[in-house]
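Written below as structure tokens is the structure these notes are about.
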Amino acid sequence: MVKLSGLALFPNLIRRGGRWVAGGWVSLSLLATIAPLAATAATPSPVPEATLAEAVPTNPTAQGQVLIVNGTQAAVPWMITNGQIGLADYGVTDHLGATLLSSNQPDRQPVQWFTEPGGAVELSAWVQGGYRYLDIAPLAQRHGWQVQPQGNALQISAPPAQVTAVRREALSSGDRLILDLSGPAIATLSGSADALTLTLGATADNRVLREAIASPAGAYLGLLTVTPVAGALRLQASANQPPRLSTRANQIVIDVRADTLQPHSIAWAPGVRWQQRYISVAGQPFPVYWLQLDPAQVSLRPIWTDPTTATGTAPLTTIAQRWQAAAAINAGFFNRNNQYPLGAVRANNDWVSGPILSRGVVGWNDQGQVRMERLVLNQTLTTASGQRFPVQAINSGYVQAGIGLYTPTWGPTYRPVLEGETIITVVDGVVVSQQAASTLGAAGLSIPSNGYLLALRSYATAAQALPPGQRVSLASVLLPATLAPFPNLIGGGPLLLRDRTLVLDAGLEQFSQAFATQAAPRSAIGTTPNGEILLVAVHNSPAGPGPTLSQLAQIMLQLGTTDALNLDGGSSASLYLGGRLINRSPRTAARVNNGIGLFLQ
């Protein structure tokens with residue numbers, strides 16, 4: 001085990017040229033790939049913390065997806081590269097107990113970890129593979145951690161602190177739990193709307209444990225149970241609000257209250273700023289989370305559950321990671337029963353799902369231009385004899401009397417939505433078969449790669465005009481035509497703002513009155529006067545439910561948007577960034593069909 005002066009408590013890292021290099025537990029072959037060993041070792045001179053690991057990491061020498069902290073395992077990406085020990089930023093917050101603070105440099109991230117206000121620790125940061133890594137070497141050096149890569153896992157062992165007291169404080173609208181410590185301790189807080197579990201790298205004598213357990217329950221935080229686990233403590237209690245953990249010098253503070261949102265503005269990556277704070281509408285505060293994007297430095301693409309089919313649902317986190325997006329927001333509506341899309345999704349000029357009911361959409365191109373309008377797609381099927389039939393929708397779960405069009409983008413097969421459908425198969429512009437849905441098995445009907453299917457619903461006239469051998473053609477027109485040049489489109493609705501003017505009209509887009517007046521969590525997209533794009537999620541107010549559509553429009557105005565579109569909301573409202581949802585617990589997020597993915601250039 002390598003030990004150098006000033007690093008006796010940190011045996012697995014050594015200093016090389018102003019950088020930390022893995023040593024000690026790391027194999028010699030791995031160490032050689034990180035930095036060549038000098039022929040003679042000299043005691044390094046102290047280097048200011050701000051100079052640690054300034055280069056952009058490339059070619060990691062070790063990496064994995066599992067973090068083990070004091071014996072507790074979690075799924076967190078990590079890498080060792082250029083002498084840096086990078087941990088995905090949510091691993092630093094969720095599994096070490098640090099708090100991310102506001103920043104203006106994507107390659108630097110100040111964190112609060114057992115420091116007084118104003119005494120933040122600054123960590124080097126970089127984005128790779130859709131995750132933002134923070135170099136934890138300064139924390140490891142300062143606090144005597146042992147860090148060991150072992151296969152797919154990164155093991156962190158930290159000296160345990162001593163819990164000297166556990167105290168409660170009643171807040172005006174919540175409860176506070178304070179743990180006094182002999183020194184810093186790694187803390188992992190997992191919480192939900194009704195419980196919290198704190199795993200703390202610390203020990204305590206029996207007196208402290210008895211006092212903690214005997215402490216009376218509060219209005220927001222229930223009685224504590226304390227369990228020793230492998231050199232650590234696990235504290236559990238019921239809670240009627242999601243808890244929030246913060247640290248001070250030798251102290252952990254857990255607040256259980258409705259208004260626990262920690263405001264910040266973080267330069268997360270070039271062209272991506274992560275912001276969150278409360279915004280009030282008519283005196284009612286709402287927690288608002290948003291990503292502020294520079295389209296010159298990032299690109300957006302429609303993403304959906306599975307690239308091979310338009311159908312199905314999955315958690316937004318799963319969809320984003322499948323498409324390797326750095327960030328994403330849920331987007332269009334869908335049928336939760338059959339998991340079919342209900343609105344426009346066009347990717348690179350290919351209709352994954354067509355627009356319905358003249359609802360609002362957002363369109364964009366690779367040059368950063370964005371436009372929001374209410375969209376109509378007029379499609380017409382014409383036979384060789386000149387008969388013309390309107391097509392109601394393309395690749396859609398929205399069904400009505402008429403013709404539904406299903407292309408290979410829908411997936412390899414089509415399963416009839418209605419029992420009475422007549423399915424027409426067209427190959428190379430010629431009808432090759434006509435089948436009743438009742439004759440098809442559970443597997444459905446294959447969609448030809450060089451053609452499409454027509455689902456005729458209560459449309460006998462069209463069925464008579466489309467016998468096998470009939471030649472047909474399709475034509476389509478987008479209205480308004482101003483949206484036609486945009487290769488990417490995502491539907492939502494209703495449209496909220498245009499040119500900073502309120503244009504909200506749910507009835508015009510055929511939303512129900514109940515939907516129009518409902519108060520619920522919301523997702524939205526907007527643009528600013530300088531061309532930036534905002535991906536926004538708004539949640540329940542500390543004083544009540546989430547915003548109505550009208551309140552959402554007011555919030556978008558306060559964020560400075562000129563144009564804004566409502567997206568699917570409620571339990572679907574999800575905003576993903578670098579490996580996790582930043583607006584809600586994944587336990588409360590519903591599966592979705594599609595979204596807008598953000599990709600770094």
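Just the heavy atoms: all of them, side chains too, but no hydrogens, waters or symmetry mates, feed the values below. This structure is a prediction, so every number in the text was calculated from the model and none was measured.
- Remark: Asp259 does not engage Arg244 in a salt bridge, criterion side-chain N to carboxylate O under 4.0 Å.
- In this structure, OG in Ser238 is found 7.0 Å from CG in Leu221, a value given to the nearest 0.5 Å.
- Arg248 contributes no side-chain N or O that, together with a main-chain N or O of Val253, makes up a donor-acceptor pair within less than 3.5 Å.
- Judged by distance alone, with hydrogens and angles left aside, the side-chain atoms of Thr260 form no donor-acceptor pair with the main-chain N or O of Ala258 at under 3.5 Å.
- Expressed to the nearest 0.5 Å, how far CD of Gln105 lies from CD1 of Ile266 amounts to 13.5 Å.
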For a side-chain contact (heavy atoms from CB on, under 4.5 Å) check, start with the C-alpha distance between Leu559 and Gln292, then their side-chain angles and the critical distance, and finish with the verdict. CA-CA 10 Å; Leu559 291 177; Gln292 181 178 337; over 6 Å; no
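- A distance of 4.5 Å separates OG1 of Thr305 from CG of Asn593, quoted to the nearest 0.5 Å.
- Within the structure, ring pair (Phe, Tyr, Trp, His ring centres under 6.0 Å) contacts touching residues 237-271 (residues at least two apart or in different chains) are His264-Trp274.
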Step by step, work out the side-chain contact (heavy atoms from CB on, under 4.5 Å) result for Arg142 and Val121. CA-CA 10 Å; Arg142 177 180 293 183; Val121 178; 3.1 Å; yes
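- Nearest approach of Gln73 to Val66, heavy atoms of both residues: CG-CG1, 3.4 Å.
- The side-chain contact (heavy atoms from CB on, under 4.5 Å) test with Leu123 is passed by exactly one of Val111, Leu100, Leu87: Val111.
- Under the rule for a side-chain hydrogen bond (donor to acceptor under 3.5 Å, both in side chains), the partners of Thr528 that lie at least two apart in sequence or sit in another chain are Asn530.
- For Phe286 against His539, the heavy-atom pair with the smallest separation is CD2-O, 3.7 Å.
- Residues Leu235 and Leu179 have side chains in contact (heavy-atom distance under 4.5 Å, counting atoms from C-beta outward).
- Using a 3.5 Å distance cut-off with no hydrogens or angles, the side chains of Ser265 and Arg273 do pair a donor with an acceptor.
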Checking Trp113 against Val92 for the side-chain contact (heavy atoms from CB on, under 4.5 Å) test, could you report, in this order, the C-alpha distance in whole Å, the side-chain angles of both residues, the deciding distance, and whether it holds? CA-CA 10 Å; Trp113 201 77; Val92 176; over 6 Å; no
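- Distance alone, capped at 3.5 Å, is enough to place a donor-acceptor pair between the Arg522 side chain and the Pro547 backbone.
- Formation of a donor-acceptor pair under 3.5 Å by the Gln367 side chain with backbone atoms of Ala296 is not found in this model.
- Without hydrogens or angle criteria, Asp255 side chain to Arg257 main chain gives no donor-acceptor distance under 3.5 Å.
- Contact record, Asp568 with Asn330: O-ND2, 2.8 Å, taken as the closest heavy-atom pair.
- We find that Asp180 and Arg167 are joined by a salt bridge, their nearest charged nitrogen and carboxylate oxygen being less than 4.0 Å apart.
- Formation of a donor-acceptor pair under 3.5 Å by the Thr561 side chain with backbone atoms of Met556 is found in this model.
- Between Pro159 and His143 the shortest heavy-atom distance is CD-O, 3.7 Å.
- By the 4.5 Å heavy-atom criterion applied to side chains, Ile85 and Leu154 are counted as neighbours.
- In this structure a side-chain-to-backbone donor-acceptor pair under 3.5 Å is missing from Asp366 to Ser299.
- Here the closest heavy-atom approach between residue Leu200 and residue Ala185 is recorded as CD1-CB, 3.8 Å.
- Residues His95 and Leu67 form a side-chain contact, since some pair of their non-hydrogen atoms from C-beta on lies under 4.5 Å apart.
- A distance-only check finds a donor-acceptor pair linking the side chain of Trp323 to the backbone of Trp304 [under 3.5 Å].
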Step-by-step side-chain contact (heavy atoms from CB on, under 4.5 Å) determination, Tyr131 to Asp89: CA-CA 8 Å; Tyr131 299 97; Asp89 57 359; over 6 Å; no
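- Taken from CD in Gln112 to OG1 in Thr247, the straight-line distance is 5.0 Å, to the nearest 0.5 Å.
- Among the candidates Asn583, Leu598, Leu291, the single residue satisfying the side-chain contact (heavy atoms from CB on, under 4.5 Å) test with Leu577 is Leu291.
- Rounded to the nearest 0.5 angstrom, Leu293 CG and Gln297 CD are separated by 10.5 Å.
- Atom CG of Asp135 is separated from atom CD of Glu122 by 11.5 Å, given to the nearest 0.5 angstrom.
- Counting all heavy atoms, side chain and backbone alike, Ala320 lies closest to Ile303 at CA-CD1, 4.2 Å.
- Few gaps surround CD on Gln65; more than 12 heavy atoms of other groups in view lie less than 6.0 Å from it.
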